[in-house]
Amino acid sequence: RAEVTGIEARPELVDFCNTAARAAGCDGLSFAPGRIVDAAIPAVDVLIALHACDTATDEALFRGIRAGAALIVAAHCCHKEIRPQLRAPAELAPLARHGIFAARLADMVTDSLRALLLEANGYQVKVFEFIDATHTPKNTMLAAVRRARPDESAATQARADFAALKSRFGIERQHLETLLTGSKASGSAA
């Protein structure tokens, strides 16, 4: 028996989903209103975030890391935080000259930063296309499996790669990093 809790910001959708779960006899499935970053999440085996818009993906990843999830799966909806900050290095500037290419570059940088932070926090990460691009251009999925044993060498390399990537593209802030840094400063478990 599994306990599944969906967290959704729109109260009307929470009500609809709870009604549907009860009507279908799905014991153990419930939905709660709010944002995942504010939700009390005990230790969990799996955290899934599908179509979490912009930094909501970072908030879901953060909650999964802090809850000690053995598996974190996330598929973004949109990337807005990094694009205005993105400053392509001179040799890559032609890649970011046109709007659609700049958006795709920001998408790749955003999800690369997320993957590196997951690795720095003890996860082995795969990034892949989960649905054919003809159906949607937003088809990148991050799947992170918590390592059975810490690999400090991999974590150190991921932290160095994260810092280098941020520096290379002029990124001043990244929401998942801010959440992780803030929780360590406030005394939360690492």
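Predicted model, so just to flag it, every value in this text is computed and none were measured.
Listed here is the closest heavy atom pair of L179 and F62: O-CE1, 3.4 Å. Taking all atoms of both residues into account, the shortest heavy-atom contact from A144 to V125 is CB-CG2, 4.1 Å. Across all non-hydrogen atoms, the minimal contact from R173 to I82 is O-CD1, 3.8 Å. The minimum heavy-atom distance linking R114 with H76 is given by the pair NH1-CB, 4.1 Å. The heavy-atom pair separating Y123 from A70 by the smallest distance is CE2-O, 4.4 Å. Annotation for I7 and I36: closest pair CG2-N, 3.9 Å, computed over non-hydrogen atoms.
Residues I41 and V14 are members of separate hydrophobic clusters, defined by side-chain heavy-atom contacts under 4.5 angstrom among Ile, Leu, Val, Met, Phe, Trp and Tyr. Hydrophobic clustering, with ILVMFWY side chains joined whenever heavy atoms are under 4.5 angstrom apart, groups L50 together with F128. Grouping the Ile, Leu, Val, Met, Phe, Trp and Tyr side chains by contacts below 4.5 angstrom, directly or via other members, places V44 apart from V4. A single hydrophobic cluster is seen to contain both F169 and L95, as judged by linkage of ILVMFWY side chains at heavy-atom distances under 4.5 Å, directly or through other members.
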* To do: Mind running side chain to side chain contact (heavy atoms under 4.5 Å, CB included) on D161 and E119 for me, showing each step along the way?
  => CA-CA 10 Å; D161 290 345; E119 290 172 1; 5.9 Å; no
* After noting the C-alpha distance and the side-chain angles of D27 and R1, does the key distance pass the side chain to side chain contact (heavy atoms under 4.5 Å, CB included) rule? -> CA-CA 9 Å; D27 296 333; R1 293 188 52 87; 3.4 Å; yes
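Taken to the nearest 0.5 Å, the CD atom of Q174 stands 8.5 Å off from the CG atom of L180. Atom NZ in K166 sits 8.5 Å away from atom CD in Q85 (nearest 0.5 Å). Atom CG in D38 sits 7.5 Å away from atom CD in E59 (nearest 0.5 Å). Remark: L105 CG to H79 NE2 distance equals 11.5 Å, nearest 0.5 Å. Atom CG of residue N18 and atom CG of residue L29 lie 7.5 Å apart, to the nearest 0.5 angstrom. To the nearest 0.5 Å, atoms CZ (R87) and OG (S167) are separated by 13.5 Å.
Taking a 6.0 Å sphere around CZ of F16, one finds it holds 12 or fewer heavy atoms contributed by other residues, nucleotides or ligands. More than 12 heavy atoms of other residues, nucleotides or ligands lie within 6.0 Å of CD in E129, so this atom counts as buried by the packing criterion. For CG of D151, the number of neighbouring non-hydrogen atoms (other residues, nucleotides, ligands) closer than 6.0 Å is greater than 12.
Ion pair E152/R159 flagged as a salt bridge, since at least one NZ, NE, NH1 or NH2 atom sits closer than 4.0 Å to an Asp/Glu carboxylate oxygen. Looking at E8 and R10, a side-chain N of the basic residue comes within less than 4.0 Å of a carboxylate O on the acidic one, giving a salt bridge.
L117 has its side chain within reach of E177: a pair of non-hydrogen atoms, C-beta onward, lies under 4.5 Å apart. Side-chain atoms of L86 and I171, non-hydrogen and from C-beta on, do get closer than 4.5 Å to each other. Side-chain contact between L113 and L165: present, with at least one pair of heavy atoms (C-beta onward) separated by less than 4.5 Å.
Of the candidates L61, V127, V145, L118 forms a side chain to side chain contact (heavy atoms under 4.5 Å, CB included) with just one, namely L61.
T5 places no side-chain N or O within 3.5 Å of a backbone atom of S30 that could act as its donor or acceptor partner.
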